[in-house]
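Notes follow once the structure below has been shown.
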Amino acid sequence: MKSNRKLFLIIIFIVPLVFIFSQCLTINKDKPDPRGDIFAGSSTCIKCHKDVYDNYLHTAHFSTTRLADIHSIGGSFSPHDNTFYFTKDLKVVMEKRADGLYQVTYSKGKQINAERFDITFGGLKAESYLYWKGNQMYQLPMSYFRSLGWTNSPGFDSTYANYTRMIGRRCFECHSSYIKDLPVETQGLQSLDVESFDKNSLILGIDCERCHGPSANHVNYQTAYPEEKKAKYIATYASLSRAQKISMCAVCHSGNKNLILKTTFVFKPGDDLGNFVENPPYQKPVDSAKLDVHANQSQLLASSKCFINSNMDCATCHNVHQNERGNLAMYSQKCMNCHTTANHNFCPMAPKLGAAIKNNCIDCHMPARSSSIITIETEGKGKKVPYLVRTHHIAVYADASQKIINYLKNNNKLTFK
């Protein structure tokens with residue numbers, strides 16, 4: 001009798017698994033996911049998570065890489081607005097041609113280079129563009145900044161149009177969900193390694209499985225057992241430890257100076273980021289002054305008293321499934337969920353600021369700061385324009401506070417003067 005019961009339990013446990021794993025090979029048989037059979041593809045999430053999926057389409061994460069076309073490029077192709085002059089004799093013109101959109105360099109009126117816009121990177125504050133040359137990818141010389149228009153790509157010399165900056169896998173690891181490496185090529189007498197990619201393997205943007213992990217087993221099980229409301233065979237965010245939650249975001253938001261031990265494309269929720277990068281972000285606090293504001297959000301946050309003295313993580317303030325950018329009042333309310341008069345940690349300037357305190361804690365305590373990693377040289381050698389990124393080191397910034405006070409004072413919005 002005992003043996004029969006044991007056999008019954010084994011069957012109950014094994015049969016669903018057999019079904020699930022047999023389906024892994026066929027879930028995307030029309031277009032297999034380049035990451036492997038355990039991935040279902042984001043389109044399979046729509047059936048059960050349509051509202052979340054539709055909202056996510058409007059986020060910066062979703063659009064961090066896009067196929068370049070007239071709709072995904074912010075800069076103008078209209079005459080007089082489509083030209084950048086390095087000198088009076090050297091210019092780059094953004095042109096529409098029969099086979100696509102191009103950046104074309106002219107010297108004294110003669111075309112000397114032309115490459116097509118293939119991929120758009122970014123889009124929130126600025127966009128940069130890539131082009132394919134065989135199986136290698138390169139950055140185009142012109143980028144588009146919403147505050148500047150067409151200008152030299154970050155880090156490029158402003159005296160000539162540079163088409164030679166190669167883009168490697170590390171860029172794609174933060175700006176896309178996957179791209180497959182081809183065997184490394186060696187070129188030239190100096191034996192320089194050249195990274196090559198399978199063009200057809202590129203998965204644009206940050207898709208569902210980049211953050212939630214491979215989901216073929218999850219999709220197959222939940223489809224077979226729709227009455228089961230508890231998520232199976234997938235790591236939920238709520239089930240992760242604080243360190244694991246931070247690591248999920250830190251895969252891309254922990255800077256680009258760490259030594260990469262292995263590709264972060266294979267990172268899954270719950271993994272230890274220390275197995276992927278030399279200096280994982282979730283460690284003892286570091287000096288925030290030594291951290292650049294570009295991409296170091298996790299370390300900057302970890303160095304903040306708010307983080308050290310609480311259990312907050314990235315999702316305390318951010319809902320990555322929603323487009324929340326620019327909603328300072330909403331973010332300020334997040335601050336006031338913890339900083340209250342009852343807790344005796346409310347802003348001491350609240351009586352002076354009055355109603356304004358409810359609308360903007362952020363510009364005072366997380367102001368925009370210049371990045372030293374992203375620098376832009378506009379027309380004219382040495383003329384650099386700062387690239388501002390909001391710091392995630394939450395603190396009191398006297399200059400930022402004074403700027404807000406001056407603004408409110410000039411607009412008669414202070415409760416007392």
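Sequential numbering from 1 along the given sequence is applied to the chain's residues.
- For the pair Val92 and Met94, the tightest heavy-atom approach, listed with the atom from each and the gap, is O-CE, 3.9 Å.
- Shown here for Leu67 and Ile119, the closest heavy-atom pair between the two residues is CD2-CD1, 3.9 Å.
- Asp363 meets the side chain to side chain donor-acceptor pair (under 3.5 Å) test with Asn360, Arg390; sequence neighbours excluded.
- Note: Cys45 SG to His212 NE2 = 8.0 Å, rounded to the nearest 0.5 Å.
- Side chain of Ser304 to backbone of Leu301: a donor-acceptor contact under 3.5 angstrom is found.
- Looking at heavy atoms from C-beta onward, Gln103 lies in side-chain contact with Pro141 at the 4.5 angstrom threshold.
- The main-chain N or O of Thr164 is found under 3.5 Å from a side-chain atom of Asn162 such that the two form a donor-acceptor pair.
- Side chain of Ser128 to backbone of Tyr144: no donor-acceptor contact under 3.5 angstrom is found.
- Taking Tyr53 as the reference, nothing meets the ring-ring contact (aromatic ring centres under 6.0 Å, His included) condition, with sequence neighbours excluded.
- Put simply, the side chain of Asn220 gets close to the backbone of Ala216: a donor and an acceptor are under 3.5 Å apart.
- Checked by atom type and distance alone, the side chain of Thr391 never pairs as donor or acceptor with a backbone atom of Val293 at under 3.5 Å.
- Distance check: Asn135 CG to Lys180 NZ gives 11.5 Å after rounding to the nearest 0.5 Å.
- In this structure Lys358 satisfies the side chain to side chain contact (heavy atoms under 4.5 Å, CB included) test together with Met336, sequence neighbours excluded.
- No salt bridge links Lys268 with Glu209; every basic N to acidic carboxylate O contact stays at or beyond 4.0 Å.
- Between the side chains of His393 and Ser303, a donor-acceptor pair is found at a separation under 3.5 Å.
- A salt bridge links Asp207 with Arg35; the closest basic N to acidic carboxylate O contact falls under 4.0 Å.
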Checklist entry - Could you go step by step and tell me if Met166 and Met137 meet the side chain to side chain contact (heavy atoms under 4.5 Å, CB included) rule? => result CA-CA 6 Å; Met166 183 174 288; Met137 180 133 269; over 6 Å; no
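- A 4.5 Å side-chain heavy-atom check between Leu388 and Ser370 finds at least one atom pair inside the cut-off.
- Counting heavy atoms from C-beta outward, Met349 and Cys364 have side chains that stay 4.5 Å or more apart.
- Atoms NE2 and CD, on His58 and Gln322 in that order, are 9.5 Å from each other to the nearest 0.5 Å.
- Checked by atom type and distance alone, the side chain of Thr65 never pairs as donor or acceptor with a backbone atom of Leu204 at under 3.5 Å.
- In this structure Lys262 satisfies the salt bridge (charged side-chain N to carboxylate O under 4.0 Å, His left out) test with no other residue, sequence neighbours excluded.
- Residues Pro367 and Tyr397 share a closest heavy-atom pair of CD-CD1, 3.4 Å.
- Taking Val104 as the reference, Glu95, Arg97, Tyr102, Tyr106, Gln111, Ala114 meet the side chain to side chain contact (heavy atoms under 4.5 Å, CB included) condition, with sequence neighbours excluded.
- Ring planes of His49 and His218: parallel class, angle under 30° (limits at 30 and 60°).
- Between the Asn55 side chain and the Asp51 main chain, a donor and an acceptor come within less than 3.5 Å of each other.
- Under the 3.5 Å distance criterion, the side-chain polar atoms of Arg146 are left unmatched by any main-chain donor or acceptor of Lys125.
- Ser201 contributes a side-chain N or O that, together with a main-chain N or O of Asp198, makes up a donor-acceptor pair within less than 3.5 Å.
- A donor-acceptor pair shorter than 3.5 Å can be found between the side chains of Tyr129 and Glu127.
- In this view, Phe156 satisfies the ring-ring contact (aromatic ring centres under 6.0 Å, His included) rule with no residue, not counting sequence neighbours.
- In terms of heavy atoms, Met248 sits closest to Leu240 at SD-CD1, 3.2 Å.
- Residues satisfying the side chain to side chain contact (heavy atoms under 4.5 Å, CB included) test with Phe62, not counting sequence neighbours, are Tyr56, Leu57, Thr59.
- Note that CG of Asp181 is 8.0 Å distant from CZ of Phe265, once rounded to the nearest 0.5 Å.
- Of all non-hydrogen atoms in Pro34 and Tyr178, the two that sit nearest each other are O-CE2, 3.7 Å.
- In this structure Asp292 satisfies the side chain to side chain contact (heavy atoms under 4.5 Å, CB included) test together with His294, Asn296, Ser371, Ser372, Ile373, sequence neighbours excluded.
- Ring centroid separation for the pair Phe84 and Phe86 comes in under the 6.0 Å cut-off.
- With sequence neighbours excluded, the residues satisfying side chain to side chain donor-acceptor pair (under 3.5 Å) with Ser76 are Ser78.
- Asp54 and Lys50 are joined by a salt bridge, as a carboxylate oxygen and a charged side-chain nitrogen come within less than 4.0 angstrom of each other.
- By the 4.5 Å heavy-atom criterion applied to side chains, Tyr138 and Glu115 are not counted as neighbours.
- Contact check for Gln136 versus Val194: side-chain heavy atoms found under the 4.5 Å cut-off.
- A heavy-atom distance below 4.5 Å is found between the side chains of Ile73 and Leu101.
- Annotation: ring-ring contact (aromatic ring centres under 6.0 Å, His included) contacts of Phe121 (sequence neighbours excluded): Phe172, His175.
- Trp132 places a side-chain heavy atom less than 4.5 Å from the side chain of Lys199.
- Using a 4.0 Å cut-off between a side-chain N of Lys or Arg and a carboxylate O of Asp or Glu, Lys133 and Asp118 do not qualify as a salt bridge.
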Item to check | Criterion side chain to side chain contact (heavy atoms under 4.5 Å, CB included) on Ile203 and Ser176, from CA distance to verdict | outcome: CA-CA 6 Å; Ile203 299 177; Ser176 73; over 6 Å; no
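- In this structure Phe77 satisfies the ring-ring contact (aromatic ring centres under 6.0 Å, His included) test together with Phe117, sequence neighbours excluded.
- Applying the side chain to side chain donor-acceptor pair (under 3.5 Å) definition to pairs two or more places apart or across chains, those involving residues 306-319 are Tyr237-Asp313, His318-Tyr331.
- Within the 4.5 Å cutoff, the side chain of Pro269 has no heavy atoms near those of the Gln244 side chain.
- The two residues Val251 and Arg170 come nearest to each other via the heavy atoms O-NH2, 3.9 Å.
- The cationic atom of Arg369 (NZ for Lys, CZ for Arg) does not lie both less than 6.0 Å from the six-membered ring centre of Tyr387 and within 45° of the ring axis.
- Asn323 and Arg325 are linked by a side-chain donor-acceptor pair at a separation below 3.5 angstrom, with hydrogens and angles left out of the test.
- Between the side chain of His253 and the backbone N or O of Gln297 there is no donor-acceptor pair closer than 3.5 Å.
- Atom CG in Leu202 sits 9.0 Å away from atom OG in Ser177 (nearest 0.5 Å).
- Remark: Cys174 SG to Ile206 CD1 distance equals 7.5 Å, nearest 0.5 Å.
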